[in-house]
Amino acid sequence: MRGFFIQKLNRSLLGVFVWVAFSSPILAKDQGIMPLTYGVEENYLLLQSIDATVSHYGDEDDRLLYKRCVQHYLEFQNMFYKRRYKRADQSVLRMQKLLIPLYQKLIVGRHKYLQTELQRIALLARAKDKVQTKTFIRLSYRNLHESEQKLKVAMNTRPYLYLLKLRDLLFSLKIQKQASKYLVLLGLLHLTDQMDSIQDTEFFELEANIKNTLPKEDKEIYRMAHYDNSFQTMEKESYLSMFMKNPDMEELEKPLGDLDPAYFSADVPVPPQKGENP
């Protein structure tokens, strides 16, 4: 009984503390910190999750757009830690808006390739009787279909709720990578005659099998897919890491085509007007 009253007292004290904190005129102006704090980690996750796909399958335009997203994220961090929450919110919204077409383009492009490659493997599999084949094909097609449906939901609902759209796009990307994992396993079964079944699905064991068994023309393609499926870049520094080290923030002051207008940081000093002392 005593423990029950102590618990009730603790809850009451917590309620008083929250009421005082958020009714305080000193802290009221900083209440924007709550959604922004929540967004710091999630927005970094959105950048990080598309990094490997940009590195492996993106073209030059995709990399420039991705770099712009990283720049806006760094500006968001800069404004956030300086407690300029309105500017921070503007930066993160611009980043999210640019990430949406980037996710969409890469997911759609990869989807087309996976469908074509699955059809090729399925034709090769018809002449071979291997127990795991039907299961891998069924799971790969199921995940591709689910990824496609999630992509449609993301692109046709909530046009101005960027974060919710990106959550759906990230889910679509993850499911697509699951489909690609099964494609890699199918490739090991049917692009070579050296394996009758997949017994070990550990990352480095699969990579060794890809290196040692697949034909030359498929080896690097499937190794790249294997790394991409695990959100890793193959044998090179990721674009996210490079852009974080050398962001070239001054590039924000120039528009990125029709995608993103010029942005001037709050830290950039305004040039003196005519007749004023510098």
Side-chain angles (χ1 to χ4, degrees), residues 35-110 154 162-163 165-174 176-177 180 220 223-269:
L36 286 175
T37 303
Y38 178 73
V40 170
E41 293 185 1
E42 184 167 13
N43 283 288
Y44 182 78
L45 174 64
L46 292 168
L47 279 175
Q48 188 180 44
S49 298
I50 199 71
D51 178 38
T53 307
V54 173
S55 300
H56 295 141
Y57 305 114
D59 56 26
E60 188 59 29
D61 289 338
D62 298 329
R63 291 169 190 136
L64 286 174
L65 181 56
Y66 185 59
K67 185 177 184 180
R68 191 80 166 195
C69 293
V70 174
Q71 290 167 341
H72 279 302
Y73 177 77
L74 291 174
E75 180 67 10
F76 155 65
Q77 280 191 316
N78 182 34
M79 294 296 104
F80 172 76
Y81 290 123
K82 292 181 177 180
R83 302 170 72 87
R84 299 178 182 177
Y85 300 128
K86 186 175 181 180
R87 292 299 295 264
D89 189 55
Q90 291 171 357
S91 295
V92 80
L93 286 174
R94 289 179 77 159
M95 185 208 78
Q96 292 171 356
K97 186 178 180 180
L98 294 176
L99 271 178
I100 290 170
L102 182 62
Y103 264 83
Q104 182 188 17
K105 179 184 175 183
L106 292 171
I107 290 172
V108 169
R110 189 72 182 144
Y162 301 148
L163 185 57
K165 292 173 81 72
L166 283 166
R167 286 173 182 170
D168 286 337
L169 288 168
L170 177 56
F171 184 83
S172 175
L173 182 69
K174 287 180 178 179
Q176 186 181 79
K177 290 183 187 294
S180 183
E220 289 307 302
R223 275 194 70 217
M224 187 180 293
H226 179 52
Y227 273 84
D228 187 70
N229 296 337
S230 299
F231 296 89
Q232 298 182 42
T233 53
M234 187 177 72
E235 297 177 350
K236 64 177 181 180
E237 187 177 13
S238 72
Y239 281 110
L240 179 60
S241 177
M242 288 191 291
F243 295 153
M244 283 287 190
K245 291 177 183 175
N246 300 292
D248 300 319
M249 297 296 287
E250 68 277 2
E251 292 178 359
L252 284 175
E253 297 175 16
K254 300 177 182 178
L256 185 65
D258 296 329
L259 292 173
D260 191 43
Y263 173 88
F264 294 92
S265 172
D267 291 337
V268 176

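Because only heavy atoms are used, hydrogens play no part in the values below, and waters and symmetry mates are left out as well, while side chains stay in. The first residue in the sequence is number 1, and the count goes up from there.
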Given 3.5 Å as the limit, does a donor-acceptor pair link the side chain of N229 with the main chain of A225, or not?
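It does hold such a pair.
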What are the two closest non-hydrogen atoms of [X] and [Y], and how far apart are they?
X: L170; Y: S49; result: CD1-CB, 3.4 Å
X: Y227; Y: T233; result: CD2-O, 3.7 Å
X: L240; Y: Y66; result: CB-OH, 3.4 Å
X: A154; Y: D168; result: CB-CB, 3.6 Å
X: Y162; Y: L93; result: CD1-O, 3.8 Å
X: I107; Y: Q176; result: O-NE2, 2.8 Å

What verdict does the side-chain contact (heavy atoms from CB on, under 4.5 Å) test give for K82 and R87, after you've listed the backbone C-alpha separation in whole Å, the side-chain angles of each residue and the deciding distance to 0.1 Å?
CA-CA 10 Å; K82 292 181 177 180; R87 292 299 295 264; over 6 Å; no
Rounded to the nearest 0.5 Å, what's the gap from [atom1] on [X] to [atom2] on [Y]? Could you check?
X: M95; Y: Q90; atom1: CE; atom2: CD; answer: 14.5 Å
X: M79; Y: Y81; atom1: CE; atom2: OH; answer: 13.0 Å
X: D51; Y: H56; atom1: CG; atom2: NE2; answer: 9.0 Å
X: I50; Y: L45; atom1: CD1; atom2: CG; answer: 11.0 Å
X: M244; Y: S238; atom1: CE; atom2: OG; answer: 9.5 Å
X: S172; Y: Y103; atom1: OG; atom2: OH; answer: 10.5 Å

Look at the rings of H72 and Y263 and say which category their plane angle falls in: under 30° parallel, 30 to 60° tilted, over 60° perpendicular.
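Ring orientation, 0 to 90° scale: perpendicular.
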Let's go through E220 and M234 carefully: what are the C-alpha distance in whole Å and the side-chain angles of both, what is the deciding distance for side-chain contact (heavy atoms from CB on, under 4.5 Å) to 0.1 Å, and is it a yes or a no?
CA-CA 10 Å; E220 289 307 302; M234 187 177 72; 3.8 Å; yes
With heavy-atom distances below 4.5 Å as the criterion, would you say the side chains of [X] and [Y] are in contact?
X: E75; Y: R94; value: no
X: L46; Y: L163; value: yes
X: F231; Y: K174; value: yes

I would like to know whether S180 and D228 meet side-chain contact (heavy atoms from CB on, under 4.5 Å); could you show each step before the answer?
CA-CA 9 Å; S180 183; D228 187 70; 5.9 Å; no
Classify the side-chain pair Q71/D248 by whether it contains a donor and acceptor separated by less than 3.5 Å.
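No, D248 and Q71 have no side-chain donor paired with an acceptor closer than 3.5 Å.
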Please determine if E251 and K67 form a salt bridge, counting it only when a charged side-chain N lies under 4.0 Å from a carboxylate O.
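Yes.
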Would you call K105-D59 a salt bridge at under 4.0 Å N-O?
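Salt bridge between K105 and D59, a charged N being under 4.0 Å from a carboxylate O: yes.
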Derivation of the side chain to side chain donor-acceptor pair (under 3.5 Å) call for S230 and K177
CA-CA 8 Å; S230 299; K177 290 183 187 294; over 6 Å; no
With a 6.0 Å cut-off (strictly less than), is the heavy-atom count around NZ of K236, excluding the residue itself, greater than 12?
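Yes, the 6.0 Å shell around NZ holds more than 12 heavy atoms from other groups.
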State whether the number of non-hydrogen atoms from other residues, nucleotides or ligands found under 6.0 Å of K97 atom NZ is greater than 12.
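It does not: K97 NZ has 12 such atoms or fewer within range.
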Between R167 and E42, is the salt bridge (charged side-chain N to carboxylate O under 4.0 Å, His left out) condition met? List the steps.
CA-CA 9 Å; R167 286 173 182 170; E42 184 167 13; 2.7 Å; yes
Would you sort out whether R68 and L64 count as a side-chain contact (heavy atoms from CB on, under 4.5 Å), showing the intermediate values?
CA-CA 6 Å; R68 191 80 166 195; L64 286 174; over 6 Å; no
